[in-house]
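Pasting a structure here, questions to come.
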Amino acid sequence: MPRKPKESPAQELRRRVLEAVRAVPPGQVAGYGEISRRAGYPGRARLVARILSAGDEPGLPWHRVLRSDGRIAFPPGSAGFDEQVQRLRAEGVRVESGRVRGQRAAPTLDQILWAPPD
DNA sequence: GATATGACCTGAA
DNA sequence: GTTCAGGCCATAT
């Protein structure tokens, strides 16, 4: 019988990461490390970046993913940088000098999901 | 197989 | 507030 269509670890990781990114509600932001941790792969923040850079998944709220410092992962002046800032502002996130103001990348996604409204 | 690169993270100075 | 070094792992050459 044909072997199971078991996907490669990278495939599963990608799927989990995408799900974690989609789990971030609008107006909120998360860090790469948090996404990787929530996906079940702690310490693989670079993998998250690698996946987002692929941009295979349309409709993915990649703009809600920032660095742990709350700064934009893109270099200032870059197209991605500008686009991400614009999208965040459209969701009500205050962005100043390429950094998110008022709410850093939450230490844990639980903090985001459990964060009290206003 | 080895080296270099990348939308990174953490801790320490 | 910033900068530096070490770690992590998939992809490209």
Side-chain angles (χ1 to χ4, degrees):
Chain A
M1 55 241 288
R3 65 180 71 67
K4 299 170 189 169
K6 195 162 79 168
E7 53 204 352
S8 300
Q11 285 275 311
E12 185 177 336
L13 185 151
R14 182 170 74 193
R15 198 187 76 239
R16 282 179 169 273
V17 169
L18 292 174
E19 191 169 356
V21 174
R22 285 183 182 142
V24 182
Q28 289 294 338
V29 292
Y32 288 89
E34 275 326 304
I35 296 294
S36 62
R37 198 176 306 173
R38 203 240 187 246
Y41 296 87
R44 278 104 179 129
R46 288 196 119 144
L47 278 293
V48 178
R50 173 83 186 87
I51 294 168
L52 294 184
S53 64
D56 281 341
E57 287 295 309
L60 186 73
W62 56 268
H63 55 270
R64 289 176 199 152
V65 185
L66 313 173
R67 288 178 36 172
S68 58
D69 292 356
R71 279 184 166 179
I72 305 295
F74 285 99
S78 188
F81 177 92
D82 189 34
E83 184 171 347
Q84 183 162 18
V85 172
Q86 210 159 352
R87 287 194 178 215
L88 287 174
R89 282 182 167 180
E91 294 196 348
V93 180
R94 186 204 289 256
V95 184
E96 292 238 347
S97 297
R99 97 156 75 188
V100 175
R101 216 46 152 128
Q103 57 180 348
R104 263 174 83 210
T108 60
L109 269 190
D110 299 324
Q111 193 90 43
I112 296 176
L113 301 173
W114 283 82
D118 205 1

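Throughout, a chain's letter reflects where its sequence line sits, starting with A, and its residues are numbered from 1.
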task: Keeping the roles fixed (side chain from A/Q84, backbone from A/H63), state whether a donor-acceptor pair exists under 3.5 Å.
output: yes

- prompt: Heavy atom of residues 53-69 of chain A under 4.0 Å from DNA chain B: which residues?
  reply: A/S53, A/W62, A/R67, A/S68

message: Can you measure A/R44 atom CZ to C/dT11 atom C1' for me and round it to whole angstrom units?
response: 16 Å

query: Taking CG from A/L13 and P from C/dC9, how many angstroms apart are they, rounded to a whole number?
result: 11 Å

- request: Using atom OH of A/Y32 as one end and atom C1' of C/dA10 as the other, report the distance to the nearest whole Å.
  value: 16 Å

message: If the threshold is 4.0 Å, N to carboxylate O, is there a salt bridge linking A/E12 and A/R16?
response: yes

query: Think A/R37 has a side-chain N or O under 4.0 angstrom from the OP1 or OP2 of B/dT10?
result: yes

message: Quick check: do A/L60 and A/L52 have side-chain heavy atoms less than 4.5 Å from each other?
response: yes

- request: Would you please confirm or rule out a distance under 4.0 Å between OP1 or OP2 of C/dG1 and any side-chain N or O of A/R99?
  value: yes

For DNA chain B, the residues among residues 81-90 of chain A that have a non-hydrogen atom under 4.0 Å from it: none

task: Starting at atom CZ of A/R14, determine the distance to atom C1' of C/dC9, rounded to an integer number of angstrom.
output: 16 Å

message: Is there a side-chain contact (heavy atoms from CB on, under 4.5 Å) between A/L47 and A/V17? Walk through the geometry before answering.
response: CA-CA 9 Å; A/L47 278 293; A/V17 169; 5.9 Å; no

- request: Would you please test A/Y32 and A/V65 for side-chain contact (heavy atoms from CB on, under 4.5 Å) and show each step?
  value: CA-CA 6 Å; A/Y32 288 89; A/V65 185; 3.6 Å; yes

message: Can you measure A/I51 atom CD1 to C/dA10 atom P for me and round it to whole angstrom units?
response: 10 Å

task: Using the side-chain contact (heavy atoms from CB on, under 4.5 Å) rule, take A/I51 and A/L13 through it: C-alpha gap first, then chi angles, then the decisive distance, then the call.
output: CA-CA 9 Å; A/I51 294 168; A/L13 185 151; 3.4 Å; yes

task: For A/V24 and A/V29, run side-chain contact (heavy atoms from CB on, under 4.5 Å): C-alpha distance rounded to whole Å, both residues' side-chain angles, the deciding distance at 0.1 Å, then the answer.
output: CA-CA 7 Å; A/V24 182; A/V29 292; 6.0 Å; no

query: So what does A/G80 hit on the nucleic acid, given a heavy-atom distance under 4.0 Å: a base, only sugar-phosphate, or nothing?
result: nothing

field: Rounded C1' spacing from C/dA12 to B/dG1 in Å
entry: 14 Å

message: Judged by each residue's nearest nucleotide on DNA chain C, which is more toward the 5′ side, A/R46 or A/R50?
response: A/R46

Residues A/E19 and A/R38 bridged, charged N to O under 4.0 Å: no

task: Could you give the distance separating B/dA7 and C/dG6 at their P atoms, to the nearest angstrom?
output: 23 Å

task: Using the C1' atom as the reference point in each nucleotide, state the distance between C/dG7 and B/dG6 in Å, no decimals.
output: 14 Å

field: Short side-chain to backbone donor-acceptor contact, A/R44 and A/P42, under 3.5 Å
entry: yes

- prompt: Any side-chain heavy-atom pair from A/R64 and A/P25 closer than 4.5 angstrom?
  reply: no

Please enumerate all protein N or O atoms sitting under 3.5 Å from an N or O of nucleotides 1-5 of chain B, with distances to 0.1 Å.
none

message: Taking CD in A/E83 as the centre, count heavy atoms belonging to other residues, nucleotides or ligands within less than 6.0 Å. Is the count above 12?
response: yes

task: Measure from the side-chain heavy atoms of A/L47 and tell me the nearest of C/dA10, B/dC8, C/dC8.
output: C/dA10

task: Inspect the contact between A/R14 and A/E57 and indicate whether a charged nitrogen and a carboxylate oxygen are less than 4.0 angstrom apart.
output: no

